[in-house]
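Just so we're clear, the structure is a prediction, and the values are computed from it rather than from any experiment. Scope of the values below: all heavy atoms of this structure, side chains included, with no hydrogens, waters or symmetry mates.
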Amino acid sequence: MSVRALLVHALLAAGAVIVLMPFAWMLSLSVKEEHEIFTSNLRFLPEHWDWANYIEAFTTGHVGTFLANGAIVTLSILALQIVTIVPAAYVLARKEFRAKPVIFGMVLAVLLIPPQVTAIPVYLMFAEAGLLDSYAALVVPFATSAFGIFLLHQGFKTLPQDLIDAARMDGASEFHTLWFILTPQLLPMIAAFGVFSIVAHWNDFFWPLLVITRIEHATPPLGISIFASDEGGNDVGPMMASATLIVLPLMLAFLIARRRFIEGVTLSGLKG
Amino acid sequence: MAGLTIRRAQKSFGTTAAVHEFSLDIADGEFVTLLGPSGCGKTTLLRLIAGLETLSGGEIVLDGRPIHDLPPPARNIAMVFQSYALYPHKTVAANIAFPLLMQAALPLRLPGLRRFVPGRAALDRRIADRVAPIARMLQIEHLLARKPAQLSGGQRQRVALARAMVREPRLFLMDEPLSNLDAKLRGSTRADIIDLHRRLKATFVYVTHDQGEAMTMSDRIVLMHEGRVQQIGKPLELYANPANLFVAEFIGQPMINLLPLQFVGGVAQLAGQAIRNLPPCLDDVALPHEEARIGLRPEAFALAELGDPQALMGRIHLIEHLGNETHIRISLPGAEITVRASSSAAHGLSVGQPLAVRPNWSSALVFDKHGNRARSAALQAAA
């Protein structure tokens with residue numbers, strides 16, 4: 001290996017250590033007993049491996065509830081998003097109608113608006129409808145995605161017209177053509193969008209913080225914060241165990257579908 | 001009456017007309033080719049017949065029934081696309097079965113869900129029974145479980161044909177189906193399609209820009225240019241007796257030779273060379289057209305002795321040996337012509353050498369300055 005490559009790798013390794021340090025520390029604390037956490041000397045590995053923090057995370061910390069809520073909310077959001085963005089993107093990509101430039105312009109404009117801007121009006125609407133502090137409040141505001149429409153619009157544009165015409169000649173309805181002929185061609189793109197959407201909403205803290213007050217409806221990041229402020233204020237061990245458990249599903253998903261994951265995360269970079 | 005009738009069909013996109021008042025009668029079982037350069041309206045016409053585009057005017061009648069207001073599947077027409085348009089995520093068997101599946105009741109059409117619908121097994125058996133003989137006929141039985149991406153171009157083409165055949169349509173539409181194949185495969189697939197047409201006894205409307213394909217495959221050719229019909233006729237009719245300059249130039253490979261005919265002081269000059277005794281068959285047609293052009297096919301010349309008073313004199317510009325024959329390009333003072341000669345006759349010729357060729361006047365075609373055919377009784381008798 002050349003000196004240059006060695007230097008580059010050393011630099012990258014240093015960067016990795018800095019990035020990974022908080023995670024490593026979290027893992028370390030999650031398996032330590034309380035008295036060991038607050039000792040003055042710095043030790044990475046515990047003297048005595050203690051899994052009680054994890055048990056406590058589930059019993060008093062409600063981590064099970066947070067994980068279940070996270071799964072319900074992110075998957076519901078994704079399902080609704082697919083149902084709405086596929087037809088919208090198809091129509092914008094393949095149909096000609098007078099209002100199209102205006103509607104497509106609106107979709108693009110929404111991409112430019114940060115969600116925090118619309119948070120207050122949306123909050124008021126949900127308050128008016130009496131839907132605060134419910135799954136609906138977590139899911140419905142994200143039922144469609146301007147970014148998803150834009151992304152799939154590009155995808156539908158690349159599909160050959162012959163494919164649509166062939167399906168028409170063969171007697172397929174427009175609904176069948178869209179969902180069972182065209183959409184399967186965009187599955188890689190939809191999977192990447194799915195990763196992007198799940199990661200964004202699993203990790204979302206801002207919106208759940210606004211609309212959720214009860215711990216039974218809390219999503220993982222909000223749950224942790226409620227746990228920290230309510231009862232777990234000093235229970236660093238169980239808190240670190242909870243944090244570990246919340247990061248775990250995305251970690252596992254990453255290991256299983258690394259390529260799709262990278263595509264999805266690249267998309268989020270594209271958006272942000 | 002059986003067959004396809006198109007009456008005064010028109011199609012315009014915005015202000016540009018793609019097809020002008022097109023009329024054609026296609027007999028039951030006929031193989032008709034729509035031929036023309038790109039942008040001539042032939043694909044638009046095919047899509048009008050298919051129902052993928054709506055007519056701006058006129059009517060289309062299939063087997064005595066007007067079809068131009070029907071949606072595509074109700075017309076009983078199948079189409080083979082230039083890109084084949086196979087469904088990439090479906091197996092070959094599912095691709096071929098798709099038109100039949102789309103005729104089933106709605107719940108049976110839904111992927112996944114159909115598993116729970118009663119009657120599915122019986123339907124699938126019936127469909128498989130119809131797919132199997134077609135796959136055998138096109139020799140793609142061993143490919144049924146594969147996906148289109150795993151097939152070669154020729155195999156994909158056969159799957160597209162099978163998918164078109166499975167509904168047993170009255171009419172087959174083919175949009176340049178050979179243009180994505182390599183030259184060698186094109187020849188054999190051409191023969192396969194002719195054979196298929198003979199066996200199915202169905203009506204074929206075939207679109208191509210390749211005059212060779214049109215000449216070899218069709219019962220009749222419709223030659224189009226800028227949305228208008230130039231000529232309709234049997235392949236050899238278009239070759240020997242073109243209606244105008246466009247047809248004469250489009251049909252035939254190598255291209256027809258066009259020699260300007262002028263009269264200078266009462267003396268006829270062909271490509272800048274005085275013709276002492278203009279053949280009688282030409283003189284009465286050519287004289288009224290002061291700027292006529294004489295069309296002579298490359299085979300309408302014989303190599304002659306230098307100094308032959310009936311011959312045109314020129315210099316050899318290029319020699320192309322094709323093995324069975326030789327194409328000789330000759331520079332004349334006022335034109336450049338291609339002459340087709342046998343390999344033995346062309347033996348020993350070299351570039352730059354002077355050469356005399358004697359035109360066979362009986363096959364000469366005369367065009368006026370607008371490119372229209374100028375005919376005379378004598379010429380028509382000769383043709």
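When all heavy atoms are compared, the tightest approach of A/Gly148 to A/Phe193 is CA-CE1, 3.5 Å. Of all the heavy atoms in A/Val63 and A/Ser242, the pair that sits closest is CG2-OG, 3.2 Å. Among all heavy-atom pairs drawn from A/Phe156 and A/Ala93, the shortest one is CB-CB, 3.6 Å.
Proximity to chain B among residues 75-90 of chain A is not found for any residue, judged by heavy-atom separations below 4.5 angstrom. Against chain A, the residues from residues 76-94 of chain B that qualify, each with a non-hydrogen atom under 4.5 angstrom away, are B/Ile77, B/Ala78, B/Met79, B/Phe81, B/Gln82, B/Ser83, B/Ala85, B/Leu86, B/Tyr87, B/Pro88, B/His89, B/Lys90 in number order.
B/Phe172 and B/Phe204 have tilted rings, their planes meeting at an angle from 30° to 60° on a 0 to 90° scale. Aromatic ring orientation, A/Trp207 versus A/Phe126: perpendicular (interplanar angle above 60°, classes split at 30° and 60°).
With a 4.5 angstrom heavy-atom cutoff, B/Arg167 touches chain A only via side-chain atoms. For chain B, no part of A/Pro160 is nearby; none of its heavy atoms comes within less than 4.5 Å.
Counting only N and O atoms by type, the side chains of B/Thr208 and B/Glu213 include a donor and acceptor under 3.5 Å apart. Between A/Gln161 and A/Arg94, the side chains place a donor N or O and an acceptor N or O closer than 3.5 Å (distance only, hydrogens not considered). No side-chain N or O of B/Glu176 forms a donor-acceptor pair with one of B/Tyr206 less than 3.5 Å apart.
Comparing A/Asp165, A/Leu187, A/Leu163 by how many heavy-atom pairs each has under 4.5 Å with chain B, the most go to A/Asp165. With chain B as partner, the option from A/Asp162, A/Ile164, A/Leu182 having the largest number of non-hydrogen pairs under 4.5 angstrom is A/Asp162.
Without hydrogens or angle criteria, A/Thr183 side chain to A/Leu178 main chain gives a donor-acceptor distance under 3.5 Å. B/Arg158 contributes a side-chain N or O that, together with a main-chain N or O of B/Leu138, makes up a donor-acceptor pair within less than 3.5 Å.
Other residues, nucleotides and ligands place no more than 12 heavy atoms under 6.0 Å from the CZ atom of A/Phe23.
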